Protein chains: 2
Amino acid sequence: MTPTSPMDPSSDASDASIDARGTTSSPTTEVGAPTRPRPPAGRSALSRERIVDAAIRLIDTEGVAALTMRRLGAALDVEAMSLYRYVNGREDLLEAVVDALVDSIRIPAPGQLEPVDGWQAFLQWLAHDVRRLALEHPAAFPLIATRHPAAPWLRPPLRSLRVVEAFLEGLRARGFRDEQAVAAYRTFTSFLLGHLLLESAMQGAELSPAEEPLDEGDADLPNRDQDLDLTDFPALTRLRGQLTEDHTEEEFEAALEHLLVRLDLELAQ
Amino acid sequence: MTPTSPMDPSSDASDASIDARGTTSSPTTEVGAPTRPRPPAGRSALSRERIVDAAIRLIDTEGVAALTMRRLGAALDVEAMSLYRYVNGREDLLEAVVDALVDSIRIPAPGQLEPVDGWQAFLQWLAHDVRRLALEHPAAFPLIATRHPAAPWLRPPLRSLRVVEAFLEGLRARGFRDEQAVAAYRTFTSFLLGHLLLESAMQGAELSPAEEPLDEGDADLPNRDQDLDLTDFPALTRLRGQLTEDHTEEEFEAALEHLLVRLDLELAQ
DNA sequence: ACCTGAACACCGTTCAAGT
DNA sequence: ACCTGAACACCGTTCAAGT
């Protein structure tokens, strides 16, 4: 069971920008849009896609707290109020950011992956692609993880109709029955969520809070060096070195391997 | 391997209020505090503990977004600025909330649990107590899950020195070697995080966003009924019923059982 | 010692007005 | 059709001032 690397040989989109459209682009929209007036001056025209892209960039570089309508407008050389033409307020913008990120998950089409190893390779590929997403956007991943999805059965981090559909069909095409595919969806999402949220929390630690200059000895406020005072905690003092080591990647691989074994057992019965 | 129910027979604290002290109450603080002046009028005096309690209550009932310094002050019959005597700003308050909640996790002392079943019973007990915490405070659990901890090795949701120390010592007392206990800490936290975050996200779905009245047919904005338009998604349409069923509890039990089996295997080698 | 009024900078959002 | 100025309500936070 070799882990398949998530490298799409026929990837057409540029890797930096994100495939960001409206949440559900109904096919009836944009029926006849023949003459688009050109942007007037040097900078290009606004669009929902450009806004979402800039929002993702802002989150990646400065954290979710820095994503304010006014600062996002400034990043796009525009006043904040202009954004409301394309976005239904900040909540809707965050939703669009999550959708765009989740939509960047690529799922191997049937035939695109070597048929050897079957569903194991399929899940390995998908798991590593979601992990790539989490590590590329550690500051945004908590949004994917915690914003409540549109339907209760759209479980993070696989919270798009397209992805879940492809997941279920992918497993069916590789021998799962319907109920087995649904059960696998549940265990797979829980596994991804736990591991990737921990990993992205470790990665993007320095973003969320502003720098806090400590004031001089105000004694009735608790001191902030929680990670230093390990008296009364002998096990922690003894194991601090081991605990600090980063084994997230091996953890991920080992847990994924165990998940596949577990699914294999449940397939047989 | 029977799941032990987390019911502490000798629970002294009232179940509603939370054991909320400062982040790390250094023993040198509060050395001699002999004469505390009584609160002047009908309502009781402010304190960090009362503030944190009220904050948790506000989050539980109205969501994290509703926790503002001004509203919290109003809930305590006080102006917002008074809170800054006890709390180092909103970030510090949120940190205190997380600490108080995590500190409500009770860990069976050696001897308190029946020695039969050993470490499996210990982990079962602990897992169910953390699950209780997540289900009692679904709106606050994302904070526990995503706020980056004080030390990188304090992994959510077990992010307090006391809890991690007790975890490691509890396993050692039941036959784990140091490195095995550390490995178990890693897999156990990932497991808890994934399952409980999903479960609490399902539970507290209606809190985060304000009610959004939909405006009439503005055609160039995406429509919001994402959970309804399932054309082009045959698997989802077919399996929608199964997907909607809530099996979170069985999932949790099954995954926990598998985790114990997995740890058992790694113990032997 | 503890709380507050006033003030500041920043925020989301609306709407009439500009081009 | 698209962007903006002005305005409103709300926010976190500071600090001198009250009791």
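Letters A, B, ... mirror the listed sequences (proteins, then strands); counts begin at 1. All values reported here derive from a predicted model rather than from experimental measurement.
A close approach under 4.0 Å does occur between a side-chain nitrogen or oxygen of B:Ser82 and OP1 or OP2 of C:dT4.
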Pair pattern of DNA chain C in dot-bracket, where unpaired bases get dots and | marks partners in another strand, Watson-Crick or G-U under 3.5 angstrom | ||.|||||...|||||.||
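Ionic pairing of A:Asp53 and A:Arg50 is not present here: no N-O contact between side-chain nitrogen and carboxylate oxygen is shorter than 4.0 angstrom. B:Asp60 and B:Arg57 are not joined by a salt bridge, as no carboxylate oxygen comes within less than 4.0 angstrom of a charged side-chain nitrogen. B:Arg131 and B:Glu199 are joined by a salt bridge, as a carboxylate oxygen and a charged side-chain nitrogen come within less than 4.0 angstrom of each other. Using a 4.0 Å cut-off between charged nitrogen and carboxylate oxygen, A:Glu95 and A:Arg90 do not count as a salt-bridge pair. Under the 4.0 Å criterion applied to side-chain N and carboxylate O atoms, A:Arg147 and A:Asp99 are not assigned as salt-bridge partners.
Taking every heavy atom of both residues into account, A:Ser190 and A:Arg155 meet most closely at OG-NH2, 2.9 Å.
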Could you run down nucleotides 12-19 of chain C 5' to 3' and tag each one B, S or - for protein heavy-atom contact under 4.0 Å?
-> BBB-----
List the steps, then state whether side chain to side chain contact (heavy atoms under 4.5 Å, CB included) holds for A:Glu165 with A:Leu161.
-> CA-CA 6 Å; A:Glu165 172 80 17; A:Leu161 296 178; 6.0 Å; no
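Atom P of nucleotide C:dT4 and atom CG of B:Leu46 are separated by 9 Å, given to the nearest angstrom. In this structure, B:Glu79 places its CD atom 15 Å from P of C:dA7, rounding to the nearest Å.
When B:Trp153, B:Phe167, B:Phe191 are each tested for a ring-ring contact (aromatic ring centres under 6.0 Å, His included) with B:Tyr185, only one passes: B:Phe167.
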